[in-house]
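Numbered from 1 within each chain, the chains take letters A, B, ... in sequence-line order.
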Amino acid sequence: MDFYQRVAVVCKTVPAGKVATYGQIALLCGKPKNSRQVGYALKHNFSGDNLPAHRIVNHQGYLSGAGCFQDPDKQDVLLMEEGVEVSSDLRVDLKKYGWKNTLEDALCLRAYFEKTGI
DNA sequence: TCTCTGACGGTTG
DNA sequence: ACAACCGCCAGAG
């Protein structure tokens, strides 16, 4: 099983206009305690294609933004375009914009992982 | 192997 | 609400 592939898939399943936490991603990847590895994966940007990394925030709703985009303000712009409000201190309201992963989503991802073998 | 480090999370005071 | 602490796991040197 390729954890990073799973991270990529999960990130893509996060709907536009919503944000997910690292813990959520790790949980959906089947490894609840690998939240740090999620960040590591995004930093190295595995799987090549452009992942919506701007939708991934920490459990407090802060955008870490450690240079995944050359322009630090790029993430604000992307989130704003998706209708997510970002405060000046790079924080989003998880109560409003946090992605509530349903059991259906988890099962769908699980099935996808089984199917593709990752 | 061993150690250090890190886009983190949860609990506690 | 906030900060300190501890736990966690995979890469890199």
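Considering all non-hydrogen atoms of both residues, Cys11(A) and Leu42(A) come closest at SG-CD2, 3.8 Å. Counting all heavy atoms, side chain and backbone alike, Ala26(A) lies closest to Ser35(A) at CB-N, 3.7 Å.
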Return a table of donor-acceptor pairs under 3.5 angstrom between the side chains of residues 77-91 of chain A and protein atoms on other chains or two or more places apart.
unit_1: Glu82(A); atom_1: OE1; unit_2: Gly17(A); atom_2: N; d: 3.3
unit_1: Glu82(A); atom_1: OE1; unit_2: Arg55(A); atom_2: NE; d: 3.1
unit_1: Glu82(A); atom_1: OE2; unit_2: His54(A); atom_2: NE2; d: 3.1
unit_1: Glu82(A); atom_1: OE2; unit_2: Arg55(A); atom_2: NE; d: 3.2
unit_1: Glu82(A); atom_1: OE2; unit_2: Arg55(A); atom_2: NH2; d: 3.0
unit_1: Ser87(A); atom_1: OG; unit_2: Asp89(A); atom_2: OD1; d: 2.8
unit_1: Ser87(A); atom_1: OG; unit_2: Arg91(A); atom_2: N; d: 3.4
unit_1: Ser87(A); atom_1: OG; unit_2: Arg91(A); atom_2: O; d: 2.8
unit_1: Arg91(A); atom_1: NH2; unit_2: Tyr62(A); atom_2: OH; d: 3.1

Report all side-chain donor-acceptor pairs from residues 105-116 of chain A shorter than 3.5 Å, counting only partners two or more places apart or in another chain.
unit_1: Asp105(A); atom_1: OD2; unit_2: Thr102(A); atom_2: N; d: 3.1
unit_1: Asp105(A); atom_1: OD2; unit_2: Thr102(A); atom_2: OG1; d: 2.9
unit_1: Thr116(A); atom_1: OG1; unit_2: Tyr112(A); atom_2: O; d: 2.8

### Query
Reading nucleotides 4-13 of chain C 5' to 3', which nucleotides get B (base under 4.0 Å from a protein heavy atom), which S (sugar-phosphate only), which -?
---BBBBSS-

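Checked against side chain to side chain contact (heavy atoms under 4.5 Å, CB included), Pro15(A) has the following partners two or more places apart in sequence or in another chain: Lys18(A), Trp99(A). Not counting sequence neighbours, the partners of Tyr40(A) by the side chain to side chain donor-acceptor pair (under 3.5 Å) test are His44(A). With sequence neighbours left out, the side chain to side chain donor-acceptor pair (under 3.5 Å) criterion links Asn101(A) to Gln24(A).
In this structure, Asn58(A) places its CG atom 16 Å from P of dG6(B), rounding to the nearest Å. With rounding to whole Å, Leu90(A) atom CG is found 15 Å from dA7(B) atom P. In this structure, the CG atom of Leu27(A) is 12 Å from the P atom of dG9(B), given to the nearest Å. Following rounding to the nearest Å, Leu51(A) (CG) and dA7(B) (P) show an atom-to-atom distance of 17 Å. Here the C1' atom of nucleotide dC2(C) and the CZ atom of Arg91(A) are 11 Å apart, to the nearest Å.
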What N/O pairs connect the protein and nucleotides 10-13 of chain B at under 3.5 Å? Give each pair on its own line.
none

### Task
Could you walk me through whether Leu51(A) and Val7(A) pass side-chain contact (heavy atoms from CB on, under 4.5 Å), step by step?
CA-CA 10 Å; Leu51(A) 295 175; Val7(A) 171; 5.6 Å; no

